[in-house]
Structures are given as structure tokens and as C-alpha cells.
Amino acid sequence: MNVVAKYKERIQARELRQAGESIGIIGRKLGVAKSTVSSWCSAISLSEEQIRKLASRGEIAANIGRLHAAENRRRERQVRVKYYGDIGLKRVGKMKDRDLFMLGVGLYWAEGCKKDRNTKFINSDPVMIKLWMKWLLKFTNVKRKDFLFRIGISQIHRRRIDKVTSYWSKVVGAPETQFGWPSFKKVVNRKVYANFEDHYGTLMVTVRRGTNLNYEILGMIKAAGNFEAGSW
């Protein structure tokens, strides 16, 4: 089964599972091993009604307790995620200019280009990209017209490139005329995404004539790394 087919099979499997179908029947319908279907659908919760329907068909009677336990664990994780998420929001509080400034330096330290003289930032997280662009616009002389963008994505998404470009154009709030030719990666893609149509690769943000800016940011990074032991 090729990579694109795996994407389609996984999407179909998840849709069937969300509709309350059993792992075994999904595997038989799609010609996929039960263990594979189970892995694809591991994050999908079944309602009490769906569990009862499956049990009434005698397909999971022996595993009814296990399924209930799995559902309880999922709900418990959701509660924990919300609880600690609220704690995180309280600890961060309202972001001040100094906070945003240091955050931007840290982002470039982690994800920015430091081996040549260009100012480049590459990531797949749209929130991170927008935050770094906001940092540039707020704390440097960079203007929106100074940005250049280039998408990096597997060649199996070539047919979707117009949709992918439109997505990133909306994320960064820039016209597609500021986008260069995409970089199509010729790799054996073993990763199976939950939804093939919702994958958008990575975006490289480059600043025109950003050589001096790159030196300046590297100076900021050096300063951030020169803290004395025990000074925090």
C-alpha cells in the first residue's frame, strides 16, 4: 500500500470508528490488520451508546470493561490537560514587552538560521511563525513588505500546493506574490497523518536584506546566553 493510499485508508478508518464501527469490521472492510486499525483509531472515544451497540452484537463483550476503562482514562487526561492548562495561563499572565522581546530571541535561538548571514525562520507551527513575525515588526525596523516566504513540503502534496499556499498566505497575512517557488521534499514519507488534506508542511520566513539584522539577533542570543551561574 503506497503512502497516499495509507492516508486515505486511515481517514476512512477514523470515520468508521467515529461512527461506532468495531476495529475488526473496519479492518475487514479496508483490508487492513486489526492492530493497524487500532493504532490509527486509538485517540477516538466511543459514546456509551456506541459501546452498548457493539456489545449487543457480541463483538466486544469480552472487552467491555477494557473499553470503559480506556474511555475513563481519556476523560481523565482531558481533565488534567485543562487543569494544568489553566495553571499555565495563570503563571504566564499578561505578556509585557520585555517578555515578548526575550521570547522572540529564544525562538530565533531555537529555530532561526544561524549558519549564514540571512535572517530566516523555519517552522510548521502557525502560532510560532506569527509570534516571531510580530516580534520583528515590533522590535526591529522590518516592515511587512520585507518578508519573503517559501513552503517546504513532501512531493506527495504537489497537487495540493495551491491550497497549501493559500493557507500560509492567510496565516501570515501576506499576498501570495511574496511567496517563492515551493521546495518539494523527495523523501520516503513513513508518517501517516490523521488527515492528509490538512497537512501544510513548513514555512520559511526570510527578511529581505537581513544581513545586519541577523548579526544583531545573534548578538542578542549571545547576550542571553552569557548569564552567570546562580544569577537567576
Side-chain angles (χ1 to χ4, degrees), residues 85 88-187 189 191 193 197-232:
L89 287 173
K90 290 179 181 178
R91 292 192 67 180
V92 171
K94 184 178 180 180
M95 293 284 287
K96 298 179 180 179
D97 282 355
R98 175 65 175 175
D99 301 324
L100 179 60
F101 176 78
M102 293 306 299
L103 180 57
V105 173
L107 285 177
Y108 199 82
W109 194 350
E111 301 292 334
C113 178
K114 299 172 285 291
K115 292 185 178 181
D116 61 34
R117 294 176 294 177
N118 295 315
T119 301
K120 299 178 182 177
F121 186 86
I122 306 173
N123 208 268
S124 62
D125 185 341
V127 175
M128 189 180 293
I129 288 174
K130 288 193 292 185
L131 182 57
W132 189 71
M133 289 176 61
K134 179 179 179 179
W135 180 82
L136 281 174
L137 294 169
K138 185 175 181 65
F139 296 107
T140 73
N141 293 323
V142 171
K143 308 299 180 184
R144 287 194 172 274
K145 62 181 177 60
D146 297 325
F147 290 122
L148 293 173
F149 306 96
R150 190 181 190 192
I151 296 164
I153 197 166
S154 171
Q155 61 183 345
I156 64 173
H157 293 274
R158 186 182 290 271
R159 65 174 179 80
R160 300 177 52 245
I161 195 59
D162 289 344
K163 177 182 177 182
V164 172
T165 304
S166 177
Y167 167 83
W168 283 116
S169 175
K170 292 176 182 176
V171 166
V172 299
E176 295 184 16
T177 53
Q178 285 182 242
F179 283 69
W181 185 251
S183 173
F184 292 107
K185 312 298 181 181
K186 297 181 180 180
V187 297
N189 196 334
K191 185 173 181 180
Y193 297 97
E197 295 296 329
D198 288 337
H199 178 63
Y200 298 100
T202 62
L203 186 69
M204 179 171 69
V205 183
T206 303
V207 178
R208 302 175 197 259
R209 299 178 298 279
T211 299
N212 290 337
L213 175 62
N214 184 261
Y215 291 149
E216 183 180 357
I217 296 174
L218 292 179
M220 298 173 189
I221 292 172
K222 183 177 180 180
N226 281 341
F227 65 89
E228 295 181 3
S231 63
W232 286 9

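All values below were derived from every heavy atom in this structure, side-chain atoms included, with hydrogens, water molecules and symmetry-related copies excluded.
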Measure the spacing between [atom1] of [X] and [atom2] of [Y] and express it to the nearest 0.5 Å.
{"X": "Phe184", "Y": "Ile156", "atom1": "CZ", "atom2": "CD1", "value": "11.5 Å"}
{"X": "Ile129", "Y": "Phe147", "atom1": "CD1", "atom2": "CZ", "value": "11.0 Å"}
{"X": "Asp198", "Y": "Arg160", "atom1": "CG", "atom2": "CZ", "value": "7.5 Å"}
{"X": "Arg144", "Y": "Leu137", "atom1": "CZ", "atom2": "CG", "value": "5.0 Å"}
{"X": "Leu213", "Y": "Leu218", "atom1": "CG", "atom2": "CG", "value": "9.5 Å"}

Would you name the heavy atoms of His199 and His157 that are closest together and state the gap between them?
-> CD2-NE2, 3.3 Å
For [range], which residue pairs qualify under salt bridge (Lys or Arg N to Asp or Glu O under 4.0 Å), counting only residues two or more places apart or in two chains?
{"range": "residues 105-116", "answer": "none"}
{"range": "residues 91-107", "answer": "Asp97-Lys138"}
{"range": "residues 161-181", "answer": "Lys163-Glu197"}

With [X] via side chain to side chain donor-acceptor pair (under 3.5 Å) - residues at least two apart:
{"X": "Arg158", "answer": "none"}
{"X": "Ser183", "answer": "Lys185"}
{"X": "Asn214", "answer": "Tyr108"}

Go through Val205 and Trp132 one step at a time and tell me if the side chain to side chain contact (heavy atoms under 4.5 Å, CB included) criterion holds.
-> CA-CA 10 Å; Val205 183; Trp132 189 71; 4.1 Å; yes
Let me see the working for Trp181 and Ile161 under side chain to side chain contact (heavy atoms under 4.5 Å, CB included), right down to the final yes or no.
-> CA-CA 10 Å; Trp181 185 251; Ile161 195 59; over 6 Å; no
Apply side chain to side chain contact (heavy atoms under 4.5 Å, CB included) to Phe121 and Met128, showing your working.
-> CA-CA 10 Å; Phe121 186 86; Met128 189 180 293; 3.9 Å; yes
Can any side-chain N or O of [X] pair as donor or acceptor with the backbone N or O of [Y] at less than 3.5 Å?
{"X": "Thr140", "Y": "Leu136", "answer": "yes"}
{"X": "Ser124", "Y": "Gly201", "answer": "no"}
{"X": "Arg150", "Y": "Thr206", "answer": "no"}
{"X": "Asp146", "Y": "Lys143", "answer": "yes"}

In chain order, what residues pass the ring-ring contact (aromatic ring centres under 6.0 Å, His included) check against Tyr167, with sequence neighbours excluded?
-> Tyr200
Considering only heavy atoms from C-beta outward, does the side chain of Leu103 approach that of Met95 to under 4.5 Å?
-> yes
Sub-4.5 Å side-chain heavy-atom contact between Trp168 and Phe149 = no
Step by step, work out the side chain to side chain contact (heavy atoms under 4.5 Å, CB included) result for Trp135 and Leu107.
-> CA-CA 10 Å; Trp135 180 82; Leu107 285 177; over 6 Å; no
Got a sec, which residues hit side chain to side chain contact (heavy atoms under 4.5 Å, CB included) with Tyr215, two or more places apart in sequence or on another chain?
-> Arg117, Thr211, Asn212
Under the side chain to side chain contact (heavy atoms under 4.5 Å, CB included) test, residues paired with Lys134 that sit two or more places apart = Leu100
